[in-house]
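Just so you know, these numbers use all the heavy atoms, side chains as well, and skip hydrogens, waters and symmetry mates.
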Amino acid sequence: MEELDYSVRAVARHIPISPQKVRRVLDQVRGKEVEEALALLRFMPQRASRPVAKLIRSAVANADDRYGFGPDELYIDQIYADDGPQLKRYRFGARGRFKPRLKRSSHITVILGFRY
């Protein structure tokens, strides 16, 4: 009998936080149960914890809609942040120079797995 794949995916794009800062938050919740991860994110001081929590709740809603699984049956199988588009801005520097500023953004992906 073949094994069923119950993985559920959700993606948040164009989050205006650099991927390096988002990955600090993602490393804390990777591999955890969904309810435990949401409890951790609620008390994290990092600004990236809010969009990550929103994305996990969205993935749980997808799992409930597609397969009827609740948050107590799911865990975070994969979660990662990729580079989004960069806004290139410039500031005036000393001696008539320009100083480039990169405003980075992230694409965050979460894949939830089902605990048998």
How about R9 and T109: do any of their side-chain heavy atoms sit closer than 4.5 Å?
yes
According to the side chain to side chain donor-acceptor pair (under 3.5 Å) rule, which pairs have a member within residues 85-108, sequence neighbours left out?
none
Considering all heavy atoms, the nearest F69-E73 contact
CA-OE1, 3.3 Å
Give a yes or no on whether Y67 and L112 share a hydrophobic cluster (residues Ile, Leu, Val, Met, Phe, Trp, Tyr; joining criterion: side-chain heavy atoms under 4.5 Å apart).
yes
Hey, can you pull the donor-acceptor pairs under 3.5 Å for the side chains in residues 44-56, sequence neighbours left out?
residue, atom, partner, partner atom, Å
R47, NH2, P16, O, 3.1
S49, OG, Q46, O, 2.8

Sequence neighbours left out, what pairs pass ring pair (Phe, Tyr, Trp, His ring centres under 6.0 Å) with at least one residue falling in residues 26-48?
none
Spell out, yes or no, whether F114 and V110 are grouped together once hydrophobic residues are joined by side-chain heavy atoms under 4.5 Å, including indirect joins.
yes
List the atom pairs, donor and acceptor, that lie under 3.5 Å between side-chain atoms in residues 21-40 and the rest of the protein, sequence neighbours left out.
residue, atom, partner, partner atom, Å
R23, NE, A81, O, 3.2
R23, NH2, A81, O, 2.8
D27, OD1, R30, NH1, 2.7
R30, NE, I79, O, 3.3
R30, NH2, I79, O, 2.7
E33, OE2, R115, NE, 2.7
E33, OE2, R115, NH2, 3.4

With a cutoff of under 4.5 Å between side-chain heavy atoms, which Ile, Leu, Val, Met, Phe, Trp and Tyr residues group with I111?
none
By ring pair (Phe, Tyr, Trp, His ring centres under 6.0 Å), F92 pairs with (sequence neighbours left out) F98
Would you please name every residue forming a side chain to side chain contact (heavy atoms under 4.5 Å, CB included) with D77, sequence neighbours left out?
Y75
